[in-house]
Undergrad: 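Structure in structure tokens, see below.
Residue numbers start from 1 in every chain, and the chains themselves are labelled A, B, ... in the order their sequence lines are given, proteins ahead of strands.
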Amino acid sequence: MPEPAHVYNPAAIEAKWQRFWKQNKTFKAIDCDYTRPKLYVLDMFPYPSGAGLHVGHPEGYTASDIWCRYKRMHGYNVLHAMGWDAFGLPAEQYAVKTGTHPAVTTAKNVDIFKKQLEAFGFSFDWDREINTTDPKYYKWTQWIFSQLYKQGLAYESYEPVNWCPELGTVLANEEVINGRSEVGNYPVVRKPVRQWVLKITAYAEELLAGIDELDWPEGTKEMQKNWIGKSTGAEVDFQVQGGKDTIRVYTTRPDTLFGATYMVLAPEHPLVAKLTTADRRAAVQAYVNEASSKSDLDRTELNKDKTGEFIGVCAINPVNQQPIPIWISDYVLISYGTGAIMAVPAHDTRDFEFATKFKLPITCIMRPDPKACAAAGVDPEAVIAGKACWVEDGEMMNSSNDEVSLNGLRMTEAKQRITDWLHAKGIGEPTVNFKLRDWLFSRQRYWGEPFPLVHMEDGTVKLVSEEELPVILPEMENYKPTEDGEPPLARAADWLDYTDPVTGAKGKRETNTMPQWAGSCWYYLRYIDPHNDQAGWDREKEKYWMPVDLYIGGAEHAVLHLLYSRFWHKVLYDLGHVTHPEPWKRLIHQGMILGISYKDQRGVLVPNDQVVEKDKKFFHKKTGEELTMLPAKMSKSLKNVVNPDDIIKKYGADSFRLYEMFMGPLEEVKPWNTEGVEGVCRFLNKVWRMIVDVDTGTLAPEVSDAPMSREAERILHQTIKKVSEDIESLDYNTAISQLMIFANEFSRMPQRNKTALETFVLLLSPLAPHIAEELWQRLGHQDTLAYHPWPKFDPAKLTVDEVEILVQINGKPRARINVPASADADALCALALADETVQAQIAGKTIVKSIGVPGRLVNLVVK
RNA sequence: GCCCGAGUGGUGGAAUGGCAGACACAACAGACUUAAAAUCUGUCGGGGGAAACCCCUUACGGGUUCGAAUCCCGUCUCGGGUACCA
């Protein structure tokens with residue numbers, strides 16, 4: 001028998017409705033429409049890589065799309081757009097290898113990405129599409145840089161980079177493995193290079209203060225706070241013994257000054273070379289050299305085992321005139337504080353480890369609180385004897401000189417008193433410090449925004465005028481750095497030469513380019529007014545649309561992108577270019593989608609094309625070893641990347657969307673399982689057959705105008721309630737479960753109320769929009785349902801007369817009884833006690849306590 | 001190392017202080033079919049019992065509570081970030 005003519009056919013209806021939405025500009029966002037509330041929903045825009053879209057991209061985009069469609073049905077004017085974060089390393093590396101201009105590669109990839117995204121039926125306003133590599137876009141990236149520059153927030157500095165002499169290029173941290181290049185395994189050195197740096201630290205206080213206002217995941221807020229890392233403490237000067245030099249240290253614990261028994265400098269500290277004695281020079285120099293080849297991360301990673309060298313001289317502890325040895329060690333970073341610390345091993349874990357290893361003296365100056373000590377499992381006597389470390393509060397001891405005594409004080413008062421004393425003596429100051437470092441904003445690469453800067457012949461740096469923007473990236477044939485390590489743009493002979501249009505003064509253009517962060521720092525402002533060539537954005541439109549109401553993107557951006565962008569926004573706010581101090585009100589992270597992978601007994605991951613299946617077990621194709629399945633990050637090398645095109649082709653975009661949302665909570669990491677797509681596809685088929693007669697294509701004969709049973713009404717209203725609440729809180733997985741329950745129930749009914757089915761279609765529409773539009777039309781409606789009012793439930797239809805509740809005895813389930821739904825706690829207990837099973841259970845025992853929870857349970861505590 | 005997050009059936013998950021396993025996937029059995037696919041119906045955490053039913057079970061170890069997957073403390077494992085991947 002041939003298949004019926006009118007079965008669910010996603011390919012046909014998805015193409016039909018995508019065409020309809022496009023032709024009718026259904027999702028056009030109207031600027032400054034004050035008749036409707038606005039809603040700005042933002043996705044993190046993708047880097048259009050050559051590999052095309054993977055299944056991770058559509059997850060966040062589907063989530064935001066559902067939210068947009070749902071809110072349109074509530075009367076919102078929604079701004080939802082897409083664009084391309086298209087500067088970046090891969091296109092440049094490809095250019096170096098093949099000579100293909102990155103712009104060509106990028107255009108091709110954008111094309112592929114756009115076609116792929118369109119197949120999902122996302123309700124983007126495609127008229128607002130943007131591309132960070134478009135000179136019409138990066139003109140304004142350069143313009144924003146100019147504003148920062150004019151504020152004195154950009155400066156030149158020599159900063160260390162990963163320089164690979166063999167490859168003649170600067171490498172990203174991830175391209176360096178154990179001090180060697182990932183490609184070719186050549187040695188990599190840390191070499192200072194002239195860079196542009198943005199003074200994000202000037203905004204540290206504001207960036208920190210703003211976090212509290214945000215409706216963001218708490219963990220992300222926490223990470224940003226820790227990244228900014230504000231601490232209060234003091235800077236203290238130590239004299240070098242027998243010399244004129246002073247070493248300034250930063251400490252958060254000035255109260256422990258009397259316990260400082262040695263001092264540590266970062267290996268890069270400027271005084272190291274000067275102070276080191278002749279007999280220690282060789283060892284110290286070797287240590288400095290070794291440290292210089294490691295990144296900060298490498299250093300701290302190896303920090304379990306502390307290393308260091310004594311430089312041969314001592315400093316004088318200013319509170320007690322004790323000489324204390326000066327060491328250098330990796331665990332002190334030059335980039336934080338003053339690059340030097342006083343070490344108090346009795347009250348700092350790192351110092352304690354170091355002192356123990358190198359047998360340095362440990363002096364306890366604080367008696368721990370016995371209670372806190374016991375809770376932490378630390379022996380107070382061991383702390384006092386210098387055999388254990390105590391970092392919490394306590395009572396100061398051994399801390400006095402002729403002028404000041406901290407003995408008997410608590411940490412807070414002790415900090416205050418010693419800081420006052422240091423200040424009075426002129427050897428210390430209360431200091432606020434931030435972990436946050438200024439932002440290294442230049443790259444020695446071709447494929448990025450050129451800086452609007454010129455190095456003039458007289459040695460000054462000139463910011464090119466606004467009229468001269470954009471500074472266009474020149475065409476080139478060679479994308480490699482020059483032989484002497486200059487950025488690729490140093491090869492752009494004609495482009496380099498600059499003549500001031502007014503004065504005729506000559507200079508050379510800046511050859512560094514901006515990092516990829518630049519374009520993504522402000523793209524949400526460009527969607528507001530993407531075609532404006534007079535300004536980055538129109539003031540009134542900005543005022544109308546901003547701030548972004550909901551921003552969805554990966555947790556991997558929790559600190560860097562989200563912090564850099566907030567920084568730019570705050571500068572723009574201070575200059576009056578934007579009207580809100582924060583760009584994004586609410587933020588949600590979608591969890592990563594993992595692929596299926598396999599590992600052997602040693603735990604080594606095996607590429608999927610090396611795996612064969614036999615009777616639900618997996619074996620290595622070559623060795624025959626049995627493998628275990630596990631979820632792992634999708635990657636080309638593991639051959640476990642799932643291509644969305646294949647899934648859409650087989651099941652349709654609605655099934656794809658539904659599956660990704662049904663997998664689990666939006667924010668969780670979830671493994672992809674293609675079999676799961678079949679489940680939701682089956683559900684959509686069932687929905688189709690519930691409404692459409694697959695032989696004729698008209699409505700199914702069961703669809704009727706007859707009134708619903710009370711039970712059918714209850715299911716309908718429960719579904720409206722659950723789906724509305726769950727979409728509102730972005731719990732899409734449970735909203736879908738409820739829709740499945742509705743379809744299971746209604747499909748079984750010989751009479752299916754048409755109004756109930758229409759309501760169901762509306763509820764389904766944000767999640768699976770194509771099939772919903774099609775069914776809506778077949779149910780007799782002319783227009784799109786995209787702006788149809790969202791259904792409301794009637795609480796009266798949800799009630800039941802009787803509920804079954806649990807009776808527990810001493811917390812164990814013992815009986816189930818039916819009670820009126822309205823019964824209160826006392827009535828419940830009375831009903832429970834009247835039950836035969838319960839009476840048998842409590843016979844001969846005394847009721848100590850009875851707890852009744854209406855609609856839930858009764859718990860009887862008996863003896 | 002440091003910061004952040006997560007651990008529940010064979011699998012994805014539900015339940016965020018009140019009957020653990022909703023809704024699905026996979027598996028098994030049955031109906032329909034010449035047969036298969038599709039569809040429909042049923043079973044489906046582990047152990048014990050003929051059965052009524054009982055015991056155990058939310059990574060591990062403690063604690064708070066009448067009651068804990070849920071709250072607190074500790075441990076382990078996995079994932080994200082760590083400033084030039086984006």
Undergrad: Parallel, tilted or perpendicular, judged at 30° and 60°: which one describes the rings of A:His54 and A:His57?
TA: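 Taking A:His57 first and then A:His54, their aromatic rings sit tilted (interplane angle of 30° to 60°).
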Undergrad: Pick base, sugar-phosphate or nothing for A:Leu440, based on heavy-atom distances below 4.0 Å to the nucleic acid.
TA: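 Base contact.
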Undergrad: Using the C1' atoms only, state how far B:G46 lies from B:G10, rounded to an integer number of Å.
TA: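 13 Å, rounded to whole Å.
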Undergrad: Suppose we screen for side chain to side chain donor-acceptor pair (under 3.5 Å). Which residues come up paired with A:Ser520, at least two apart in sequence or across chains?
TA: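 None.
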Undergrad: Output the rounded distance in Å from OH (A:Tyr659) to C1' (B:C23).
TA: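 In whole Å, B:C23 C1' lies 14 Å from A:Tyr659 OH.
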Undergrad: Using the test salt bridge (Lys or Arg N to Asp or Glu O under 4.0 Å), find all partners of A:Lys191 that sit at least two apart in sequence or belong to another chain.
TA: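 Scan of A:Lys191 (salt bridge (Lys or Arg N to Asp or Glu O under 4.0 Å), adjacent residues dropped) gives none.
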Undergrad: I'd like a list of close polar pairs between nucleotides 36-45 of chain B and the protein, N/O only, cut-off under 3.5 Å.
TA:
residue	atom	partner	partner atom	Å
B:U41	OP1	A:Arg748	NH1	2.8

Undergrad: Residues two or more places apart in sequence or in another chain: which of them pass salt bridge (Lys or Arg N to Asp or Glu O under 4.0 Å) with A:Lys230?
TA: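 With sequence neighbours excluded, A:Lys230 shows a salt bridge (Lys or Arg N to Asp or Glu O under 4.0 Å) to A:Glu205, given in chain and number order.
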Undergrad: Less than 4.0 angstrom between a side-chain N/O of A:Asn673 and OP1 or OP2 of B:A24, yes or no?
TA: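 Looking at the OP1 and OP2 atoms of B:A24, neither is under 4.0 Å from any side-chain N or O of A:Asn673.
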Undergrad: List for me each residue that meets salt bridge (Lys or Arg N to Asp or Glu O under 4.0 Å) alongside A:Lys633, sequence neighbours excluded, and say none if there are none.
TA: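 A:Lys633 satisfies salt bridge (Lys or Arg N to Asp or Glu O under 4.0 Å) with no residue once adjacent residues are dropped.
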Undergrad: Figure out the CG/P separation between A:Leu198 and B:A83, and round it to whole Å.
TA: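 Between P of B:A83 and CG of A:Leu198: 17 Å.
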Undergrad: Whole angstroms only, please: what is the CE-C1' distance between A:Met661 and B:G12?
TA: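 After rounding, the reported distance stands at 14 Å.
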Undergrad: If you take the centroid of each ring, where Trp contributes its six-membered ring, are A:Phe354 and A:Tyr331 closer together than 6.0 Å?
TA: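 Between A:Phe354 and A:Tyr331, which both carry aromatic rings, the centre distance is below 6.0 Å.
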Undergrad: Evaluate the side-chain hydrogen bond (donor to acceptor under 3.5 Å, both in side chains) criterion for residues A:Glu486 and A:Gln444: first the C-alpha distance (whole Å), next the side-chain angles of each, then the deciding distance (0.1 Å), finally the verdict.
TA: CA-CA 7 Å; A:Glu486 287 289 303; A:Gln444 293 70 51; over 6 Å; no
Undergrad: Syn or anti for B:G9, taking syn as within 90° of 0?
TA: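 Base orientation relative to the sugar is syn.
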Undergrad: For A:Val669, answer base if it contacts any base atom (sugar-phosphate contacts may also be present), sugar-phosphate if it contacts only those atoms, and nothing otherwise; contact means non-hydrogen atoms under 4.0 Å.
TA: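 Sugar-phosphate contact only - A:Val669 comes under 4.0 Å of backbone atoms but never of a base.
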Undergrad: Roughly how far apart are A:Ile593 CD1 and A:Met663 CE, rounded to 0.5 Å?
TA: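 Taking CD1 in A:Ile593 and CE in A:Met663, the distance rounds to 4.5 Å.
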Undergrad: When the P atoms of B:G79 and B:A24 are compared, how many Å lie between them, rounded to an integer?
TA: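 Per the computed distance, 32 Å lies between those P atoms.
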Undergrad: Given the rule in the ring pair (Phe, Tyr, Trp, His ring centres under 6.0 Å) test, do A:Trp672 and A:Tyr659 qualify, once you have shown the distances and angles that lead to the verdict?
TA: CA-CA 10 Å; A:Trp672 177 272; A:Tyr659 171 62; 5.0 Å; yes
Undergrad: Write down the protein N/O and nucleotide N/O pairs, taken from nucleotides 14-16 of chain B, whose separation is under 3.5 Å; answer none if there are no such pairs.
TA:
residue	atom	partner	partner atom	Å
B:A14	OP1	A:Asn733	ND2	2.7

Undergrad: Considering only atom C1', compute the distance from B:G13 to B:A22 and round it to an integer number of Å.
TA: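 Each nucleotide's C1' atom is 10 Å from the other's.
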Undergrad: Please report the distance, rounded to the nearest Å, between CD1 in A:Ile809 and P in B:C54.
TA: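 From A:Ile809 CD1 to B:C54 P: 11 Å.
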Undergrad: Identify whether any heavy atom of A:Leu560 sits under 4.0 Å from a base atom; if not, whether one sits that close to sugar-phosphate; answer base, sugar-phosphate or nothing.
TA: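 Contact class for A:Leu560: base.
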Undergrad: How far does the C1' atom of B:G62 sit from the matching atom of B:G49, given to the nearest Å?
TA: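 So the two C1' atoms sit 34 Å from each other.
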Undergrad: Taking atom P in both B:C73 and B:C56, what distance in whole Å separates the two?
TA: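 Between the two P atoms, the distance is 28 Å.
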Undergrad: Could you tell me whether A:Leu436 contacts a base, only the sugar-phosphate backbone, or nothing, with contacts defined as non-hydrogen atoms closer than 4.0 Å?
TA: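 Base contact.
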Undergrad: Given B:A83, is OP1 or OP2 found less than 4.0 Å from the side-chain N or O atoms of A:Arg437?
TA: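 Looking at the OP1 and OP2 atoms of B:A83, neither is under 4.0 Å from any side-chain N or O of A:Arg437.
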Undergrad: Could you tell me how far apart A:Gln718 (CD) and B:C23 (P) are, to the nearest whole angstrom?
TA: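 For the pair A:Gln718 CD and B:C23 P, the rounded distance is 12 Å.
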Undergrad: Nucleotides 2-10 of chain B: which of its N/O atoms have a protein N/O under 3.5 Å away?
TA:
residue	atom	partner	partner atom	Å
B:C3	O3'	A:Asn226	ND2	2.7
B:C3	O2'	A:Asn226	ND2	2.9

Undergrad: Within the 4.0 Å heavy-atom criterion, would you say A:His589 contacts the bases, only the backbone, or no part of the nucleic acid?
TA: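 Result for A:His589 = nothing.
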Undergrad: Could you check whether A:Leu89 gets within reach of a base, just the sugar-phosphate, or nothing at all, counting any heavy atom under 4.0 Å?
TA: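 Sugar-phosphate only.
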Undergrad: Quick one: list whatever passes side chain to side chain contact (heavy atoms under 4.5 Å, CB included) with A:Ile741, sequence neighbours left out.
TA: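 A:Ile741 satisfies side chain to side chain contact (heavy atoms under 4.5 Å, CB included) with A:Gln738, A:Glu745 only.
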Undergrad: Could you give the distance separating B:A83 and B:A69 at their C1' atoms, to the nearest angstrom?
TA: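 Each nucleotide's C1' atom is 38 Å from the other's.
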Undergrad: Apply ring pair (Phe, Tyr, Trp, His ring centres under 6.0 Å) to A:Phe352 and list each qualifying residue two or more places apart in sequence or on a separate chain.
TA: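 Once residues adjacent in sequence are excluded, A:Phe352 has no partner under the ring pair (Phe, Tyr, Trp, His ring centres under 6.0 Å) criterion.
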Undergrad: Ignoring backbone atoms, establish whether A:Lys812 has a side-chain N or O less than 4.0 Å from OP1 or OP2 of B:C56.
TA: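 Yes, because at least one side-chain N or O of A:Lys812 sits under 4.0 Å from OP1 or OP2 of B:C56.
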Undergrad: Atom CZ of A:Phe441 to atom P of B:C84: distance rounded to whole Å?
TA: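 Taking atom P of B:C84 as the reference, CZ of A:Phe441 is at 11 Å.
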Undergrad: Which value, in whole Å, describes the distance between the P atoms of nucleotides B:U70 and B:G61?
TA: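 So the two P atoms sit 13 Å from each other.
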Undergrad: How does protein contact run along nucleotides 57-72 of chain B, one letter per nucleotide 5' to 3', with B for base contact, S for sugar-phosphate only, - for none, heavy atoms under 4.0 Å?
TA: ---------BS-----
Undergrad: With respect to the side chain of A:Pro813, which nucleotide from B:C84, B:C23, B:A20 is positioned closest?
TA: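 Taking heavy atoms from C-beta onward, the closest nucleotide is B:A20.
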Undergrad: For nucleotides B:U8 and B:U77, find the distance between their C1' atoms and express it as a whole number of Å.
TA: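 After rounding to an integer number of Å, I get 16 Å for this pair.
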Undergrad: Please pick, from B:G80, B:C23, B:G79, the nucleotide with the shortest atom-to-atom distance to any side-chain atom of A:Phe662.
TA: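 From the listed options, B:C23 comes nearest.
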Undergrad: If you find the nucleotide of RNA chain B closest to A:Ser737 and the one closest to A:Gln444, which residue's nucleotide is nearer the 5' end?
TA: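 First, find each residue's nearest nucleotide; the 5'-ward one identifies A:Ser737.
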Undergrad: Quick check on RNA chain B: between A:Ile805 and A:Gly679, whose nearest nucleotide comes earlier from the 5' end?
TA: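 Result of the comparison: A:Ile805.
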Undergrad: Is any side-chain N of the basic residue among A:Lys221 and A:Glu218 closer than 4.0 Å to the acidic one's carboxylate O?
TA: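 A salt bridge is present here (some side-chain N lies under 4.0 Å from a carboxylate O).
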Undergrad: Could you work out which one of B:G80, B:G13, B:C84 sits closest to the side chain of A:Tyr564?
TA: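 Minimum distance to the A:Tyr564 side chain belongs to B:C84.
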Undergrad: Indicate yes or no for a side-chain donor-acceptor contact from A:Ser181 to the backbone of A:Val183 under 3.5 Å, with no hydrogens or angles considered.
TA: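 Such a contact is found between A:Ser181 side chain and A:Val183 backbone.
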Undergrad: Whole angstrom is fine here: how far is it from CD in A:Glu675 over to C1' in B:A27?
TA: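 One finds 11 Å between C1' of B:A27 and CD of A:Glu675, rounded.
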Undergrad: Who passes ring pair (Phe, Tyr, Trp, His ring centres under 6.0 Å) against A:Tyr732, sequence neighbours left out?
TA: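 With sequence neighbours excluded, A:Tyr732 shows a ring pair (Phe, Tyr, Trp, His ring centres under 6.0 Å) to no residue whatsoever.
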Undergrad: Under 3.5 Å, side chain of A:Gln224 to main-chain N/O of A:Leu208, donor-acceptor pair present?
TA: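 Side chain of A:Gln224 to backbone of A:Leu208, a donor-acceptor pair under 3.5 Å: no, none is there.
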Undergrad: Parallel, tilted or perpendicular for A:Trp439 and A:Tyr564, by the 30°/60° rule?
TA: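 Parallel.
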Undergrad: How is A:Gln195 classified with respect to the nucleic acid when contacts are heavy atoms under 4.0 Å: base, sugar-phosphate, or nothing?
TA: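 Base, at least one base heavy atom under 4.0 Å.
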Undergrad: Looking for any heavy atom pair under 4.0 Å, which part of the strands does A:Val161 touch: base, sugar-phosphate only, or nothing?
TA: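 Contact class for A:Val161: base.
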Undergrad: With A:Glu725, which residues qualify under salt bridge (Lys or Arg N to Asp or Glu O under 4.0 Å), at least two apart?
TA: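 For A:Glu725, the residues satisfying salt bridge (Lys or Arg N to Asp or Glu O under 4.0 Å) (neighbours in sequence not counted) are A:Lys721.
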